[in-house]
Amino acid sequence: MTASRLLSLPAELSVIVPCYNEVSNVAPMVAALDAALEGRAWEVIFVDDNSPDGTADEVSRLARLDPRVRLVRRVGRRGLSSAVIEGILSSSAPLVAVMDGDLQHDESVLRTMLVELQNGAELVVASRHVEGGDSGGLAGRWRHLLSDAGIRAAQAVMPHPLSDPMSGFFAIRRDLFESLLPRLSGTGFKILLDLVMSAPKTVRIVEVPFVFRPRLAGESKLDVVVLLQFATMVLDKLTHGWLPTRFMAFALVGLIGVVVNVSVLDLAGACGLSFSWAQLAGTAVAILTNFLLNNRFTYHDRRLKGHKLWRGLAVFVAVCSLGAVANIGIARMMLDSAGHGHWDRSSAAGAVVGVVWNYAVSSTLVWR
Ligand code: GDD
Ligand code: MN
């Protein structure tokens, strides 16, 4: 079929590309799709969260030249999963593919995915068998470790075993997506995991291998905060939504606080500080990191900035201090009534009361 004839056909495949600060990757991306999907009727939907680098303007510019290019621009919002979901919902081809907008996903795999879908697969996942480029260096190794831990945690709770459950590169039949839609959480970045977790056992999933390319332009947006969101999502699935997600996020940050506290205590001790001073330093650093992490992650939608950040910190310190008093008080009471053999149980009870107190009060006083 000639190219001009294809342009007037409705798309058989909608390619959804979430992007944030990817201005220099947009044009190469469209060119890559054009080459990879030659002879097929396709469209691409870039979902941009109003990137400051002008990604949306660049997509608009290309859309004026090529009717297969479309833009969804979201203002005042962030998030990979919700971007993908809204991109899919803005399109209507019977088959949908999701891929990153930084050229790290090999577009030639799209053709294989299309064939698999047309041969009866309902979901096709591109699985990274090789990691490219950024796996050197300390940051790369750290990410690798986190990613491996994430994969193992995910495999433990998934109804369908996948070799790369964190993949951001997959294709799905629209009817399957729509049937799973009401159960998607839409938060964080693990859209595939969310889909697979909600999919019934009978769904036909196929994995195809691909080589993850190094990033040429721009930078990765998936940092520790995003990984925390992922851990929260796994916990949420495990507890079947019984505990509020925000509370789990808060508790998870609290756990990190304990690690920070003990590390700083050890360090200060090694520098010759007395136990009390070392513990004070550890607690202070832990409270500060907890505050900042909660602000970035637990309450990212109510994030404090400027002078409100300082006011919030002051209130948070006060709340946590009272929480510590409650923690110690409850533990002491438990120890007195349960008998002195029960240190662990008493201490745990104190910690739980402390966390619940800190959570309840800071979500009403600090992050209103
Ligand atoms: N609209 C929107 N909003 N897009 C976003 C956002 C957001 O808040 N955050 C990231 N993106 C876009 C990026 O612009 C990119 O196109 C894609 O989502 C993936 O983000 P990267 O920042 O490039 O992720 P990565 O390369 O570090 O992570 C890779 O590995 C993950 C698993 O470890 C990707 O392949 C992910 O898809 C994958 O889940
Ligand atoms: Mn990337």
Side-chain angles (χ1 to χ4, degrees), residues 15-26 28-30 32-33 44-56 58-59 71-90 97-107 109 125-135 137 139-154 162-171 186-196 210-231 233 296-297 300-301:
V15 183
I16 312 303
V17 180
C19 47
Y20 192 76
N21 284 346
E22 304 286 3
V23 66
S24 48
N25 290 321
V26 175
M29 182 88 200
V30 173
L33 289 174
V44 58
I45 292 100
F46 289 93
V47 187
D48 173 62
D49 289 350
N50 211 21
S51 308
D53 75 345
T55 301
E58 176 66 355
V59 177
L71 166 69
V72 171
R73 184 176 186 168
R74 308 194 304 168
V75 179
R77 312 255 313 273
R78 274 303 297 278
L80 193 47
S81 282
S82 61
V84 167
I85 292 173
E86 286 164 39
I88 297 179
L89 291 176
S90 81
V98 176
M99 71 192 291
D100 290 354
D102 56 4
L103 305 169
Q104 288 194 277
H105 290 164
D106 179 359
E107 61 288 336
V109 178
V125 180
S127 162
R128 279 166 287 191
H129 58 161
V130 183
E131 284 264 359
D134 66 343
S135 50
R141 231 175 301 151
W142 169 233
R143 281 216 49 187
H144 229 96
L145 215 82
L146 283 173
S147 167
D148 282 353
I151 289 175
R152 230 155 292 141
L162 280 183
S163 67
D164 191 1
M166 320 268 277
S167 177
F169 191 12
F170 59 92
T187 58
F189 73 114
K190 294 286 82 133
I191 178 70
L192 173 66
L193 197 63
D194 212 355
L195 285 166
V196 174
F210 84 105
V211 181
F212 194 63
R213 297 192 194 122
R215 201 184 235 281
L216 294 177
E219 53 188 45
S220 169
K221 285 103 207 161
L222 302 185
D223 53 10
V224 178
V225 171
V226 174
L227 273 143
L228 276 171
Q229 288 181 348
F230 165 65
M233 183 176 135
R296 271 280 271 131
F297 157 62
H300 61 96
D301 53 335

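These numbers come from the heavy atoms of this one structure, side chains and all, not from hydrogens, waters or symmetry mates. Just so you know, ligand 1 is whichever comes first in the structure, and atom 1 is the first atom listed for that ligand.
Close contacts between ligand 1 and Gly168 involve ligand atoms 37 (O), 38 (C), 39 (O) [criterion: under 4.0 Å to a heavy atom]. Applying the 4.0 Å criterion to heavy atoms of Gln104 picks out, from ligand 1, the atoms 23 (O), 26 (O). Below 4.0 Å from some heavy atom of Asp49 lie the following atoms of ligand 1, by number and element: 1 (N), 2 (C), 3 (N), 7 (C), 8 (O). Close contacts of ligand 1 with Met166, meaning ligand atoms under 4.0 Å from a residue heavy atom, involve 31 (C), 32 (C), 38 (C), 39 (O). Ligand 1 places these atoms under 4.0 Å from at least one heavy atom of Glu22: 13 (C), 14 (O), 15 (C), 16 (O). Residue Arg215 has at least one heavy-atom neighbour below 4.0 Å for each of these atoms of ligand 1: 21 (P), 22 (O), 23 (O). Counting the atoms of ligand 1 from 1 in the order shown, those under 4.0 Å from a heavy atom of Gly79 are 3 (N), 7 (C), 8 (O). Set against the non-hydrogen atoms of Ala83, the atoms of ligand 1 under 4.0 Å away are 1 (N).
Protein N/O/S atoms found under 2.8 Å from the Mn ion (ligand 2), listed by chain and residue number: Asp102 OD2, Gln104 OE1.
Using the six-membered ring where Trp is involved, His105 and Phe212 have ring planes that are tilted, between 30° and 60° apart.
Proximity of His105 to ligand 1 is established by a heavy-atom distance of less than 4.0 Å. Heavy-atom distances between Phe212 and ligand 1 reach below 4.0 Å in at least one pair.
At a 4.0 Å heavy-atom cut-off, ligand 1 touches Pro18 through backbone and side chain alike.
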